Structure formats: C-alpha cells, structure tokens
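These numbers were taken from a predicted model, which means no experiment stands behind them.
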Amino acid sequence: MPFYEALLPELRFTRTLHSLNWKVFAAEGELPSAAYFAITEDREHKPNHNIIGFWANDRAEVDHIAKLVKENGGPKRRSPVVLD
C-alpha cells in the first residue's frame, strides 16, 4: 500500500474509500462516474499481469511520476512511453 499511497494522489486519485477487501482511490467527482482505482489481493497473481496507464500534460509530468514510482519500489523499466 505505501507504493499506491504515494503514487495515486499524484495521478489525482485523492479520495480513499477502503473496505476490508478493497482499497479504492477515487478522483474528484460524483461516484460511480468519477474515475477510480481499486486494488484487491489475488492469491493467483503473477508478476507483470497488470498495467497502469495515465495521461500526462508534458514530459516533465511523466518524469515526475516515473521518479515517484522508482522511489517507492516500483519496477525498474526503460523510459516511459509517450504517445503524441
């Protein structure tokens, strides 16, 4: 959870709606139409079976998020992909 608690607020998921089995980070707006990110444990999980994508305004924002990922234990990857 420390990884997601550091990363998701930077991606504008600033509200938390946690329960026993789910950890939910939501963006501003009316639920259920507001964007949200929900995490639950999968006992059958295999590494690299999930991907997180986000929209960035510019390369500086991508670099900022990449730094947060690295500082909080995220995987070491090549440079982020930027699609124009």
Please list, chain by chain and in numerical order, all residues satisfying side-chain hydrogen bond (donor to acceptor under 3.5 Å, both in side chains) with [X], sequence neighbours excluded.
| X | result |
| --- | --- |
| Glu5 | none |
| Glu41 | none |
| Thr16 | none |
| Arg12 | Glu61 |

Could you pull out all residues at least two apart from His18 that satisfy ring-ring contact (aromatic ring centres under 6.0 Å, His included)?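 By the ring-ring contact (aromatic ring centres under 6.0 Å, His included) rule, His18 matches Phe25.
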
Can you run down the salt bridge (Lys or Arg N to Asp or Glu O under 4.0 Å) pairs that involve residues 20-37, sequence neighbours left out, and say none if there aren't any? none

For the CG atom of Leu8 and the CG atom of Leu68, what is their distance to the nearest 0.5 Å?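 Taking CG in Leu8 and CG in Leu68, the distance rounds to 10.5 Å.
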
Between OH on residue Tyr4 and CG on residue Leu11, distance to nearest 0.5 Å: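 One finds 11.5 Å between OH of Tyr4 and CG of Leu11.
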
Using every non-hydrogen atom in the two residues, find where Thr40 and Asn21 come nearest and quote the distance to one decimal.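 Nearest heavy atoms, Thr40 then Asn21: OG1-O, 2.8 Å.
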
What's the shortest heavy-atom distance between Ala27 and Ala34, and which atoms?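 Smallest heavy-atom distance, with atoms named: O-CB, 3.9 Å.
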
Other members of the hydrophobic cluster containing Val24, with the 4.5 Å side-chain heavy-atom rule, please.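 Members besides Val24, by chain and number: Leu17, Trp22, Leu31, Tyr36.
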
Applying salt bridge (Lys or Arg N to Asp or Glu O under 4.0 Å), can you list everything that pairs with Glu10, at least two apart in sequence or on another chain?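 For Glu10 there are no salt bridge (Lys or Arg N to Asp or Glu O under 4.0 Å) partners, ignoring immediate neighbours.
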
Determine whether Arg59 and Asp63 satisfy the following criterion, salt bridge (charged side-chain N to carboxylate O under 4.0 Å, His left out), listing intermediate values before the conclusion. CA-CA 6 Å; Arg59 183 62 191 212; Asp63 292 342; 3.1 Å; yes

